[in-house]
Protein chains: 2
Amino acid sequence: MDPMPAVEEAPRAPGRPRSLRVDEAIISATLDLLAEGTSVEVLSIESIASRAGVGKATIYRRWPGKDALLHDALATLKSPGPELAGESVRDDLIALLGQVGPSTQDPRLPQILPCLLPHMSRSKEHYRAYQDIIEPRRNRVREVLRRGVANGELRADLDVELTMTVLIGPILVQRVLRWHPDLDADKMPAQVVDLLMAGMGPAQS
Amino acid sequence: MDPMPAVEEAPRAPGRPRSLRVDEAIISATLDLLAEGTSVEVLSIESIASRAGVGKATIYRRWPGKDALLHDALATLKSPGPELAGESVRDDLIALLGQVGPSTQDPRLPQILPCLLPHMSRSKEHYRAYQDIIEPRRNRVREVLRRGVANGELRADLDVELTMTVLIGPILVQRVLRWHPDLDADKMPAQVVDLLMAGMGPAQS
DNA sequence: TCATTACGAAACGGCACAGGTTCGTATCGC
DNA sequence: GCGATACGAACCTGTGCCGTTTCGTAATGA
């Protein structure tokens, strides 16, 4: 079960040390395959080894099985807070929503996460790991919205939880599913935020 | 390639006729498996036969392979227009968005479609079939929005295509991915529509 | 009744690929 | 050098599906 304490006490090194290159190659290959659309079910140690240019034994020497490897690979993506916030709620939201797409960090993340969800829903264990990745990102948006409500930039009776989903949902759907052929996912953060700020009702201001 | 003209000329019936029950069982088993999360890649004739309580030969007698069967199974879901429209844009939108979820028709549809998309994106052939199912539904929403713009219920400069995605995206994400644990997907249509009508900016009316 | 076709079940050979292990070689500290 | 460990490649064994065929039985029309 235990993944890989990496550097534990590290006093002894009796034989040939493990290659860090190999570690990275395995993790990276795993994420690559997921990002390319390989479902968790289909994902195999063999395909990972092949993609990483590594023997299967090398993987089994580090992880007991696919689940453990997957867990560690996902943990890699747990970036804390990717973007800094500015001063206006609108700009902050746009910045945060932009990261739903081609994030500043790992560009594979947005491809991977949604495809993972069906699988995660079945395992309490995996769902935890998944939540650990998702929740911090949601919190960023939540905080910005609350700030807006507090300082009057947003309406006082705003349903924050609902609004979060209305902000993120469309962009997620577009990025991952290419839901609508005519929309440019890169422009959507600004468009969605502006649409929600103004509302779709007839102009009042 | 040709799936099953069902009733073609139908003058001859030399032997025992094919059971309609069996047709339904096969199609239904296919959709069930998909709805349960079986990806298209993993889906096998063998599993379908087993689920349907049918011999594999019976399936191969009707369809040349998995693709053809899948195509026909999806065609089953092509319901034309499930709901009737009322008089207010708000109510019509809520009605249409409600069908994104537990549709009046086949409850498996919302589970199936999104999981299919990755696979569909790879095959021009399948993508067509997929579009045939999706597009009519999108059109319903599009028409309601245009009507609203025309009669002044919605702002004149509304980006209809964007708005469609902002309406559908959150509900889709919630229903399929259970994106947000605290939201009730059944109530979301009304909530989303109202939020978008009012906007999240400070109250102006 | 009899020919004809459909049915479920089972079995077929073939194939692909999975999970794991073995083996000769490469790389480390000493 | 030496023991110890990591490495990639090749290998072994099992599983599962495919597509097809065979079987005994059931349902139809003539």
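Order of the sequence lines fixes the chain letters, A, B, ..., with proteins taken first and strands second; residue numbering starts at 1 for each chain.
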*Cut-off 3.5 Å, side chains only: do B/S50 and B/S47 have a donor facing an acceptor?*
no
*To the nearest Å, how far apart are B/R18 CZ and C/dG8 P?*
12 Å
_Distance test, side-chain N/O of A/S44 to OP1/OP2 of C/dA18, below 4.0 Å_ = yes
*Looking across every strand, which nucleic acid part, if any, lies under 4.0 Å from B/G53 by heavy atom: base, sugar-phosphate, or nothing?*
sugar-phosphate
*asked:* Under 4.0 Å, heavy atoms only, any strand: does A/A49 hit a base, just the sugar-phosphate, or nothing?
replied: nothing
*asked:* Could you check whether B/D92 pairs with B/R147 (Lys NZ or Arg NE/NH1/NH2 to Asp/Glu carboxylate O, under 4.0 Å)?
replied: yes
*When we call it a touch if two heavy atoms are under 4.0 Å apart, what does B/K56 touch: a base, just sugar-phosphate, or nothing?*
base
*Of all the choices, C/dA18, C/dG8, D/dA9, which nucleotide is nearest to the side chain of A/E46 once you look at every atom?*
C/dA18
*asked:* Within the 4.0 Å heavy-atom criterion, would you say B/S47 contacts the bases, only the backbone, or no part of the nucleic acid?
replied: nothing
*Write down the distance between CG (B/D23) and P (C/dA6), rounded to a whole number of angstrom.*
12 Å
*Roughly, in whole Å, what's the span from CH2 in B/W63 to P in D/dT20?*
16 Å
_Test: A/R18 and A/D23 ion pair at under 4.0 Å_ = no
_Under 3.5 Å donor-acceptor pair, A/R16 side-chain atoms to C/dA26 base atoms_ = yes
*When you check the gap from the basic side-chain N to the acidic O, do B/E24 and B/R21 get nearer than 4.0 Å?*
no
*Nearest to the side chain of A/Y60, which nucleotide is it out of D/dC17, C/dT21, C/dC7?*
C/dT21
*Whole Å only: how far is the CZ atom of B/R21 from the C1' atom of C/dG8?*
17 Å
_Can you work out whether A/V42 or A/R61 has the more 5'-proximal nearest nucleotide on DNA chain C?_
A/V42
*Using whole Å, report how far CD1 of A/I45 lies from P of D/dT13.*
21 Å
_Given C/dC7, D/dT28, D/dA6, identify the nucleotide with an atom nearest to the side chain of B/V22._
C/dC7
*CD1 of B/I26 versus P of C/dG8: gap in Å, rounded?*
7 Å
*Between C/dA18 atom P and A/I59 atom CD1, what is the distance in whole Å?*
11 Å
*Out of D/dC7, D/dA4, C/dT22, which nucleotide sits closest to the side chain of A/A57?*
C/dT22
_Euclidean distance, atom CG of residue B/L33 to atom P of D/dC17 [Å, nearest integer]_ = 11 Å
*Are any of the side-chain nitrogens in A/R142 or A/E161 under 4.0 Å away from the carboxylate oxygens of its partner?*
yes
*From the list D/dA26, C/dA18, D/dC7, which nucleotide is the closest neighbour of the side chain of A/T58?*
D/dC7
